[in-house]
Each structure stands twice: as C-alpha cells, then as structure tokens.
A.B. asks: 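Below you'll find the structure I mean.
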Amino acid sequence: MVELLSWLFGQYADYSTVFIALELIAVVFGIASVLLASKTNILVFPIGLVSTAIFVYLLLKWQLFGDMFINAYYSIMSIYGWVNWTKNKDSKQDHINPTGQQEGSKKKADTNHTIQVEHLTTKDVPILAALATITIAFVALVYYFRPVINNGFRLDGATLGLHLFTWVDYTDMLTTALFLMAMWLMARRKIEHWLLWIVADAISIPLYFYKGLTFTAFQYVVFTLIAIWAYYEWQRRYRMQPHTAYA
C-alpha cells in the first residue's frame with residue numbers, strides 16, 4: 001500500500017505547496033464545469049475558464065507545452081461558447097411551441113430554461129477535419145522544436161529530429177486533436193462532442209499518471225464517467241425540446 005501511494009503521489013514531494021493547491025483548485029473547477037455542461041448550464045464556461053487558466057500557468061511551468069496549448073485553446077473556446085450559448089438561450093425566450101399543447105413541468109423547464117442542443121451535421125465534418133489536421137501539425141511542430149524551446153529558444157546545442165518523438169508525444173497529438181474538436185462541438189451545442197470527450201478522457205487517464213500529474217489523472221477518471229452519462233442526458237434533452245433549427 002505504501003509503495004502504491006508513493007508511486008501515485010511521490011512526485012508531489014518535489015512540488016511547492018502553491019503548485020499542488022493550484023492543481024487541486026483547477027481539478028475541482030474542471031469537474032464542476034463538466035457537471036454543468038452535462039446539465040446544459042451556461043455557467044460551464046466561466047467555471048471552466050478558472051480551471052483552464054490555472055492549468056495554462058501550471059503546464060507552462062512544467063514545460064508540458066502540448067497540454068498548455070490545449071488549455072489555452074479551451075480558454076478561447078470557452079469565451080466563444082459562452083457567447084454562442086447566451087445567444088441561443090436568448091433566442092428561445094420568444095419561441096412558441098407550434099403544437100400549442102401544454103407540456104409537463106419538467107419538459108417545459110428543460111425547453112424554456114436550458115440551452116437547445118443539436119446533432120452533428122455534414123457541414124461540421126470539413127471543419128472538424130481541418131481542425132484535427134491543423135492541430136496535429138501544430139503540436140508536432142511544437143514537439144519538433146521542443147529542444148530549442150527548452151534551450152531558451154536558442155539553436156546552439158539543440159538536437160532536432162522526429163527520432164526524438166516518444167509515444168507520449170504521438171498520444172498528445174491525438175488527444176489534443178480530439179479535445180479541440182470536442183470543445184468546438186461543445187461551443188456549437190452538438191451532442192456528439194461527448195463521444196469525443198469519452199475517448200480523449202479515457203486515453204488521458206494513463207497518460208497523466210505517466211506524466212506524474214496524479215490529481216489530474218483522477219480528474220480524467222471522473223470526466224470519463226460524467227461524459228458517458230452526459231451523452232445520454234443530452235440525447236434525452238434533444239428528444240424533449242422543440243425541433244426548430246438554431247444557429
């Protein structure tokens with residue numbers, strides 16, 4: 001038991017108390033944001049911004065640049081999603097049920113006080129493909145020049161080459177692409193974004209254990225479970241809402 005705890009948390013012996021506290025705060029706010037997203041609560045974005053901003057700082061300090069850029073992107077997309085969801089919520093206030101029939105109180109609450117959700121369309125596919133391609137290329141470029149970055153952005157003494165890439169780097173490229181596509185779809189209120197979260201979160205669990213970020217790894221365990229439940233929750237909400245096209 002002692003050996004297991006040492007393996008899980010031993011790396012924190014070298015971290016400052018401030019860094020550990022910041023990681024825990026980011027994890028708590030991250031889990032809260034995912035729970036809010038599952039309920040289509042617009043507070044997902046301001047709460048999530050706290051988590052991503054902290055992780056940007058921590059990951060920069062730990063020189064985990066791929067993960068840092070993911071969280072920086074999350075922060076930008078959170079602002080975009082916040083605006084998009086706000087517009088959608090405002091546009092629903094004047095929506096009239098075309099059937100003119102009275103509905104149950106729970107259904108009325110879901111359709112009148114939460115965000116409308118949508119399914120993925122064929123128009124989204126080219127954007128997702130472009131986003132994935134650009135993301136993988138960008139992260140690969142960052143890791144290719146990582147020796148230069150770690151050398152204070154000096155070429156002297158830095159060795160470059162694809163042979164320096166590890167399985168962690170290639171996994172980071174994959175998860176980064178999945179996360180960025182999921183975040184864009186989430187901002188667009190697409191149900192299928194949860195499927196991408198499930199896959200990427202599940203891959204991230206062993207990845208963050210390997211990187212020595214145990215609290216973050218446990219966060220992704222919770223994320224995976226919430227994402228599975230949230231996918232079915234959004235499907236339920238879609239079936240209950242009036243099926244009018246929303247931008």
A.B. asks: Could you tell me which non-hydrogen atom of G81 sits nearest to which non-hydrogen atom of A187, and how far apart they are?
C.D. replies: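 Closest heavy-atom pair between G81 and A187: CA-CB, 3.7 Å.
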
A.B. asks: If Ile, Leu, Val, Met, Phe, Trp and Tyr residues are connected whenever their side-chain heavy atoms lie under 4.5 Å apart, and connections chain through other members, are L49 and I76 in the same group?
C.D. replies: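 Not linked; separate clusters.
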
A.B. asks: Carefully, step by step, assess R237 and T40 under the rule side-chain contact (heavy atoms from CB on, under 4.5 Å).
C.D. replies: CA-CA 9 Å; R237 289 177 180 273; T40 58; 3.6 Å; yes

A.B. asks: Y80 and R188: side-chain hydrogen bond (donor to acceptor under 3.5 Å, both in side chains), yes or no, with the steps?
C.D. replies: CA-CA 9 Å; Y80 167 72; R188 300 295 299 172; 2.9 Å; yes

A.B. asks: Atom CE in M183, atom CG in L131: separation rounded to 0.5 Å?
C.D. replies: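 Atom-to-atom, M183:CE and L131:CG are 12.0 Å apart.
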
A.B. asks: For residues W184 and L128, determine if any side-chain heavy atom of one lies less than 4.5 Å from a side-chain heavy atom of the other.
C.D. replies: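 The answer is yes, as the side chains (C-beta and beyond) meet within the 4.5 Å cut-off.
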
A.B. asks: Shortest non-hydrogen contact from A202 to T224?
C.D. replies: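 Smallest interatomic distance, heavy atoms only, reads N-OG1, 3.5 Å.
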
A.B. asks: Run the numbers on Y74 and F55 for ring pair (Phe, Tyr, Trp, His ring centres under 6.0 Å), then give the verdict.
C.D. replies: CA-CA 10 Å; Y74 285 171; F55 271 122; 9.5 Å; no

A.B. asks: Could you tell me which non-hydrogen atom of Y238 sits nearest to which non-hydrogen atom of V117, and how far apart they are?
C.D. replies: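 Heavy-atom minimum between the residues: CD1-O, 3.4 Å.
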
A.B. asks: Can any side-chain N or O of S75 pair as donor or acceptor with the backbone N or O of N71 at less than 3.5 Å?
C.D. replies: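 The answer is yes, because a donor-acceptor pair under 3.5 Å joins these two groups.
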
A.B. asks: Roughly how far, to the nearest 0.5 Å, is the OG1 atom of T214 from the CD atom of E23?
C.D. replies: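 Taking CD in E23 and OG1 in T214, the distance rounds to 8.0 Å.
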
A.B. asks: Rounded to the nearest 0.5 Å, how far apart are CZ of F223 and CD1 of I31?
C.D. replies: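 Answer rounded to 0.5 Å: 6.0 Å.
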
A.B. asks: Calculate, to the nearest 0.5 Å, the distance between atoms CH2 and CH2 belonging to W234 and W194 respectively.
C.D. replies: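 So the CH2 of W234 and the CH2 of W194 are separated by 6.5 Å.
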
A.B. asks: Between R189 (side chain only) and Q116 (backbone N and O only), is there a donor and an acceptor less than 3.5 Å apart?
C.D. replies: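 Pair found, side chain donor or acceptor close to backbone of Q116.
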
A.B. asks: If you compare all heavy atoms of A72 against all heavy atoms of V56, which two are closest, and at what distance to 0.1 Å?
C.D. replies: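 In terms of heavy atoms, the two residues are closest at N-CG2, 3.5 Å.
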
A.B. asks: Would you say V28 ends up clustered with I54 if hydrophobic residues are merged whenever their side chains have heavy atoms under 4.5 Å apart, either directly or through other cluster members?
C.D. replies: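 Cluster IDs for I54 and V28 differ.
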
A.B. asks: May I ask you to test the Y57-F19 pair for a side-chain heavy-atom distance under 4.5 Å?
C.D. replies: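 A side-chain contact under 4.5 Å exists here.
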
A.B. asks: Knowing that exactly one of T135, T176, L196 qualifies, which makes a side-chain contact (heavy atoms from CB on, under 4.5 Å) with M181?
C.D. replies: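 Result for side-chain contact (heavy atoms from CB on, under 4.5 Å) with M181: L196.
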
A.B. asks: Out of curiosity, does F218 fall in the hydrophobic cluster containing I25 (side-chain heavy atoms, cut-off under 4.5 Å, transitive links)?
C.D. replies: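 Yes, I25 and F218 fall within the same hydrophobic cluster.
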
A.B. asks: Run the ring-centre check on W197 versus F179 and record whether the distance is less than 6.0 Å.
C.D. replies: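 Yes, they do, as the ring centres are separated by less than 6.0 Å.
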
A.B. asks: So, E192 side chain and L120 main chain: donor-acceptor pair closer than 3.5 Å or not?
C.D. replies: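 A pair under 3.5 Å: yes.
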
A.B. asks: Given 3.5 Å as the limit, does a donor-acceptor pair link the side chain of S33 with the main chain of G30, or not?
C.D. replies: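 Yes, S33 side chain to G30 backbone: donor-acceptor pair under 3.5 Å.
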
A.B. asks: Below 4.5 Å, heavy atoms only, C-beta onward: do M173 and F165 meet side chain to side chain?
C.D. replies: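 Counting from C-beta outward, M173 and F165 do come under 4.5 Å.
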
A.B. asks: Between Y220 and Y208, what is the ring plane arrangement, given parallel below 30°, perpendicular above 60°, and tilted in between?
C.D. replies: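 Correct class here is parallel.
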
A.B. asks: OG1 of T52 to OH of Y73: how many Å apart, nearest 0.5 Å?
C.D. replies: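 Reported to 0.5 Å precision, the distance equals 12.5 Å.
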
A.B. asks: Would you name the heavy atoms of I226 and S38 that are closest together and state the gap between them?
C.D. replies: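 Closest approach of I226 to S38, heavy atoms only: CG2-CB, 4.4 Å.
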
A.B. asks: So, are D124 and K190 salt-bridged, with charged N and O less than 4.0 Å apart?
C.D. replies: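 Between K190 and D124 there is a salt bridge, with a charged N closer than 4.0 Å to a carboxylate O.
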
A.B. asks: Please determine whether residues V125 and I127 belong to a single hydrophobic cluster, defined as Ile, Leu, Val, Met, Phe, Trp and Tyr linked transitively by side-chain heavy-atom distances below 4.5 Å.
C.D. replies: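 Looking at the clustering, I127 is in a separate group from V125.
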
A.B. asks: Given D201 and S204, is the side-chain hydrogen bond (donor to acceptor under 3.5 Å, both in side chains) satisfied, shown in steps?
C.D. replies: CA-CA 5 Å; D201 288 343; S204 296; 5.3 Å; no

A.B. asks: What is the minimum heavy-atom distance between A200 and T175, and which atoms define it?
C.D. replies: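 Nearest heavy atoms, A200 then T175: O-CG2, 4.3 Å.
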
A.B. asks: After noting the C-alpha distance and the side-chain angles of F45 and I79, does the key distance pass the side-chain contact (heavy atoms from CB on, under 4.5 Å) rule?
C.D. replies: CA-CA 7 Å; F45 295 110; I79 297 172; over 6 Å; no

A.B. asks: Could you check L180 against M77 for side-chain contact (heavy atoms from CB on, under 4.5 Å), going step by step and ending with a plain yes or no?
C.D. replies: CA-CA 9 Å; L180 266 58; M77 289 305 296; over 6 Å; no

A.B. asks: Do the non-hydrogen side-chain atoms of Q235 and M240 ever get within less than 4.5 Å of each other?
C.D. replies: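 Not in contact.
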
A.B. asks: Would you say L141 ends up clustered with Y170 if hydrophobic residues are merged whenever their side chains have heavy atoms under 4.5 Å apart, either directly or through other cluster members?
C.D. replies: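 Y170 clusters together with L141.
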
A.B. asks: Is there side-chain contact between Q219 and V222, with heavy atoms separated by less than 4.5 Å?
C.D. replies: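 No, their side chains stay 4.5 Å or more apart.
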
A.B. asks: If I take atom CG from residue D172 and atom CG from residue L207, how far apart are they, to the nearest 0.5 angstrom?
C.D. replies: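 Separation between the atoms: 5.5 Å.
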
